[in-house]
Engineer: 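Just passing along the structure, written as structure tokens.
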Amino acid sequence: MTEGGLIVTDTLYSDAQEERAYQLATGLLKGNEAHRPDGIICLNEPTSTGAARAMKEQQLAVGEIPMVGFDSSKEEIKFLEEGIFQAIVVQKPFNMGYLAIKTALEASEGKKVELRIDTGASVITKDTMYTKDNQKLLVPFVEHEGQ
């Protein structure tokens, strides 16, 4: 299947289980080099962490198989710093909460509300992870200078 210029060759399901993601990624990475993926995209925190563990264990060169994770656990941040992830996609939980309450209030008042609401996300790379805005997303409960 082609998605925006990329060819999606396989979709594997870890059922949001870190150990399962680790096993699946290990299988992909230990296979014949000709059949290794050109990149890996993980769509939740446990899958991202498990797949990144497998990637690190294989001791591939940084960026040899680009990997993008999702969410921002301490482990994922470390993998981003180490170059295991080329980027992580981070949701904006405060937007989620605010817009959920706002929309619920509007709905309870009989107002028409959107069926889909984009609460936003940011793509963070090793080069951008230390910006003030990105630090607020990666470590939201730490006071940041200039707040």
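Computed from a predicted structure; not experimentally measured.
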Engineer: Any non-hydrogen side-chain atom of Met55 less than 4.5 Å from a side-chain atom of Phe85?
Structural biologist: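 Counting from C-beta outward, Met55 and Phe85 never come under 4.5 Å.
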
Engineer: Give me each pair satisfying salt bridge (Lys or Arg N to Asp or Glu O under 4.0 Å) with a member in residues 94-103, each pair once, sequence neighbours excluded.
Structural biologist: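 Matches after skipping sequence neighbours: Lys102-Glu106.
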
Engineer: Should Val68 and Ile40 be counted in the same cluster of Ile, Leu, Val, Met, Phe, Trp and Tyr side chains packed under 4.5 Å apart?
Structural biologist: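 No, separate clusters.
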
Engineer: Can you tell me how far CD of Glu76 sits from CD1 of Ile124, rounded to the nearest 0.5 angstrom?
Structural biologist: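 These two atoms lie 10.5 Å from each other.
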
Engineer: Please answer: with hydrophobic residues joined when any side-chain heavy atoms are less than 4.5 Å apart, are Ile117 and Tyr98 in the same cluster?
Structural biologist: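 Yes: a chain of side-chain contacts under 4.5 Å links Ile117 to Tyr98.
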
Engineer: Got a donor-acceptor contact below 3.5 angstrom from the Lys126 side chain to the Glu81 backbone?
Structural biologist: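 Between the backbone of Glu81 and the side chain of Lys126 there is a qualifying donor-acceptor contact (under 3.5 Å).
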
Engineer: Count I, L, V, M, F, W, Y as connected when their side-chain heavy atoms are under 4.5 Å apart, and connections chain through other members. Are Leu12 and Tyr22 then in the same cluster?
Structural biologist: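 Leu12 and Tyr22: separate clusters.
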
Engineer: Hydrogens and angles aside, do Thr49 and Glu75 bring a side-chain donor and acceptor to less than 3.5 Å of each other?
Structural biologist: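 Absent: no donor and acceptor within the cut-off.
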
Engineer: Calculate, to the nearest 0.5 Å, the distance between atoms CD1 and OG1 belonging to Ile41 and Thr47 respectively.
Structural biologist: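 Ile41 CD1 to Thr47 OG1: 13.0 Å, rounded to 0.5 Å.
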
Engineer: Can you check whether Arg53 reaches Phe79 side chain to side chain, under 4.5 Å on heavy atoms?
Structural biologist: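 Result yes, sub-4.5 Å side-chain heavy-atom pair found.
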
Engineer: To the nearest 0.5 Å, what is the distance between CD on Glu64 and CD on Gln59?
Structural biologist: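 Output value for this atom pair is 11.5 Å.
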
Engineer: Rounded at 0.5 Å granularity, tell me how far CD in Gln135 sits from OG1 in Thr128.
Structural biologist: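 Separation between the atoms: 10.0 Å.
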
Engineer: I want to check something: taking the side chain as every heavy atom from C-beta on, are Thr119 and Gln91 in contact at a cut-off of under 4.5 Å?
Structural biologist: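 Answer no - side chains too far apart.
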
Engineer: With side chains defined as the heavy atoms from C-beta onward, is the minimum distance between Pro46 and Gln17 less than 4.5 Å?
Structural biologist: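 In short, these two side chains do not touch, never coming nearer than 4.5 Å.
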
Engineer: Quick one: CG on Leu28 to CD on Gln23, what's the gap to the nearest 0.5 Å?
Structural biologist: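 These two atoms lie 12.5 Å from each other.
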
Engineer: Could you go step by step and tell me if Glu109 and Lys111 meet the salt bridge (charged side-chain N to carboxylate O under 4.0 Å, His left out) rule?
Structural biologist: CA-CA 6 Å; Glu109 294 170 347; Lys111 295 179 182 174; 3.4 Å; yes

Engineer: Mark yes when over 12 heavy atoms from residues, nucleotides or ligands other than Asp10 sit less than 6.0 Å from its CG; otherwise mark no.
Structural biologist: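 Atom CG in Asp10 is packed in, count exceeds 12.
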
Engineer: Partners of Glu82 by salt bridge (Lys or Arg N to Asp or Glu O under 4.0 Å), sequence neighbours excluded?
Structural biologist: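 For Glu82 the salt bridge (Lys or Arg N to Asp or Glu O under 4.0 Å) partners, ignoring immediate neighbours, are Lys56, Lys78.
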
Engineer: So, do Phe70 and Ser48 sit near enough that their side-chain heavy atoms are less than 4.5 Å apart?
Structural biologist: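 Yes. Closest side-chain heavy atoms under 4.5 Å.
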
Engineer: In Å, rounded to the nearest 0.5 Å, how long is the span from OG of Ser73 to CD1 of Ile88?
Structural biologist: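 Answer for the OG-CD1 pair, Ser73 versus Ile88, is 8.0 Å.
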
Engineer: Does the side chain of Ile65 come within less than 4.5 Å of Leu29's, by heavy atoms?
Structural biologist: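 They are in side-chain contact.
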
Engineer: Report whether Ile77 and Val90 are members of the same hydrophobic cluster (ILVMFWY, side-chain heavy atoms less than 4.5 Å apart, transitive linking).
Structural biologist: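 Yes.
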
